[in-house]
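Scroll down for the structure; my scribbles are underneath it.
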Amino acid sequence: MTNTNNFSIELKAINNNNLSVLKNLFQLYIHDISHELPWNVNADGLFEAYSLDDWFKDENNFGFIIYVENNIAGFVMIDKEFKVLTNTENSLNLSEIFILNNFKGKGIAKKVALELFDTYKSNWEIRPVPTSNSADAFWQKVFSKSFPYPVTKHEWKENRFAYTFSNL
């Protein structure tokens, strides 16, 4: 548990018991990024990005529901899908991080990312949502001058970037 701006933050591992919470939050996440990555909803009014059931069947994938003061505030997902890192042994990709609007701007996502980096010693790859100035600005804040590891920014595809660093 972590405190930031007098908020108690807790990360609860995603499992079969709370996967439905992630599925619901994922709809909001896709809605938020659909202005950068155009997705349409299906006939039921739902976004179909990819199957979270299949994603979590891969033993390399894991994630957490983020709670602030015992309220659901978002989620974070980690996998081993890389676009830049070539030596993927001891490597992780922070694939998705999402904070609900009423919790944004309070330093929660940054605190969660830094806590994950402290907990999981790895070669890290992070790919912000393409063409999203706010996503890139967020990661620039995380990787500020006080960040203890050298970070490299790579263009892996036209207008798509990844940040890499190692805390091994």
Side-chain angles (χ1 to χ4, degrees), residues 1-5 7 9-14 22 25-39 47 49-50 52 55 58 60-68 72-168:
M1 197 154 348
T2 305
N3 261 327
T4 182
N5 299 333
F7 294 113
I9 299 173
E10 185 176 4
L11 301 179
K12 292 185 181 179
I14 297 169
L22 175 67
L25 291 172
F26 208 76
Q27 288 294 304
L28 301 172
Y29 170 67
I30 297 298
H31 175 266
D32 273 9
I33 66 171
S34 66
H35 69 283
E36 303 294 343
L37 300 170
W39 264 297
F47 290 102
Y50 53 84
L52 293 172
W55 194 87
D58 185 329
N60 292 311
N61 300 342
F62 61 100
F64 302 92
I65 303 293
I66 302 166
Y67 288 81
V68 174
I72 295 171
F75 66 84
V76 61
M77 296 167 57
I78 299 168
D79 62 28
K80 289 186 170 256
E81 179 187 318
F82 306 103
K83 302 294 185 191
V84 173
L85 290 176
T86 54
N87 179 5
T88 57
E89 189 174 329
N90 298 316
S91 297
L92 293 170
N93 172 47
L94 196 154
S95 64
E96 320 289 346
I97 189 165
F98 171 70
I99 301 295
L100 290 166
N101 288 336
N102 58 324
F103 293 101
K104 286 183 180 176
K106 298 178 178 168
I108 294 164
K110 180 178 179 181
K111 197 70 161 175
V112 166
L114 293 174
E115 185 172 318
L116 290 170
F117 299 150
D118 283 345
T119 302
Y120 298 96
K121 303 303 182 194
S122 183
N123 298 304
W124 282 94
E125 179 173 307
I126 297 101
R127 294 184 309 275
V129 175
T131 69
S132 172
N133 292 333
S134 61
D136 198 52
F138 166 75
W139 287 109
Q140 292 292 331
K141 282 186 211 172
V142 172
F143 302 135
S144 67
K145 292 179 183 174
S146 63
F147 193 73
Y149 311 104
V151 176
T152 305
K153 186 175 183 179
H154 312 263
E155 185 174 22
W156 60 273
K157 192 175 183 181
E158 187 177 342
N159 294 320
R160 292 190 176 206
F161 296 91
Y163 293 98
T164 60
F165 71 92
S166 179
N167 62 0
L168 290 173

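Treat the numbers as computed from the prediction; the structure is a model and nothing was measured.
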Problem set entry | Asp32/Lys104 under side chain to side chain contact (heavy atoms under 4.5 Å, CB included): CA gap, chis, key distance, verdict | CA-CA 13 Å; Asp32 273 9; Lys104 286 183 180 176; 3.2 Å; yes

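- For the residue pair Leu85 and Asn123, the shortest heavy atom distance occurs at CD1-O, 4.0 Å.
- In terms of the salt bridge (Lys or Arg N to Asp or Glu O under 4.0 Å) criterion, residue partners of Lys83 (sequence neighbours excluded) are, by chain and number, Glu81.
- When side chains are defined from C-beta on, Ile65 counts as touching Ile14, because their heavy atoms get closer than 4.5 Å.
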Exercise. Stepwise, does the side chain to side chain contact (heavy atoms under 4.5 Å, CB included) test hold for Glu96 with Val76?
Worked result: CA-CA 5 Å; Glu96 320 289 346; Val76 61; over 6 Å; no

For this session: Begin with the C-alpha distance, continue with both residues' side-chain angles, and end with the deciding distance and a verdict on side chain to side chain contact (heavy atoms under 4.5 Å, CB included) for Phe147 and Phe117.
Result: CA-CA 11 Å; Phe147 193 73; Phe117 299 150; 3.9 Å; yes

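- Smallest separation of non-hydrogen atoms from Asp79 and Ser95: OD2-CB, 3.4 Å.
- The two residues Glu125 and Ala162 make their nearest non-hydrogen contact at CG-CB, 4.2 Å.
- No more than 12 heavy atoms of other residues, nucleotides or ligands shown are found within 6.0 angstrom of CG on Asn133.
- Here the closest heavy-atom approach between residue Phe161 and residue Pro128 is recorded as O-CD, 3.5 Å.
- Interatomic distance, CH2 of Trp139 versus OG of Ser134, reported as 12.5 Å (0.5 Å rounding).
- In this structure, Asp118 and Lys121 approach most closely via the heavy-atom pair O-NZ, 3.1 Å.
- Ring geometry, Phe143 versus Tyr163: the interplanar angle falls from 30° to 60°, so the pair is classed tilted.
- Residue pairs meeting the salt bridge (charged side-chain N to carboxylate O under 4.0 Å, His left out) criterion with at least one member in residues 135-146, sequence neighbours excluded, are Asp136-Lys153.
- In this structure, CG on Leu114 lies 7.5 Å from OG on Ser146, to the nearest 0.5 angstrom.
- Annotation: side chain of Phe26 is not in contact with side chain of Trp55 (no heavy-atom distance under 4.5 Å).
- At least one side-chain heavy atom of Leu116 sits under 4.5 Å from a side-chain heavy atom of Phe64.
- With hydrogens and angles disregarded, no donor-acceptor distance shorter than 3.5 Å links the side chain of Lys110 to the backbone of Phe138.
- When all heavy atoms are compared, the tightest approach of Phe75 to Leu22 is CG-CD1, 3.4 Å.
- In this pair, Phe98 and Tyr29 present their aromatic rings perpendicular. The plane angle is above 60°, beyond the 30 to 60° band.
- No side-chain heavy atom of Ile78 sits less than 4.5 Å from a side-chain heavy atom of Asn61.
- Taken from CD1 in Ile126 to CD1 in Ile97, the straight-line distance is 10.0 Å, to the nearest 0.5 Å.
- Remark: the backbone N or O of Pro130 is not paired with any side-chain donor or acceptor of Ser132 at under 3.5 angstrom.
- Under the side chain to side chain contact (heavy atoms under 4.5 Å, CB included) rule, Tyr120 has a single partner from Leu92, Leu94, Asn167, which is Leu92.
- A 4.5 Å side-chain heavy-atom check between Arg127 and Asn93 finds at least one atom pair inside the cut-off.
- A 4.5 Å side-chain heavy-atom check between Phe82 and Thr164 finds every atom pair outside the cut-off.
- Within 6.0 Å of CD in Glu155 there are more than 12 heavy atoms belonging to other residues, nucleotides or ligands.
- In this structure, Leu100 and Leu25 have side chains that are in contact, with non-hydrogen atoms separated by less than 4.5 Å.
- Counting only heavy atoms from C-beta outward, the side chains of Lys106 and Ile99 never approach each other to under 4.5 Å.
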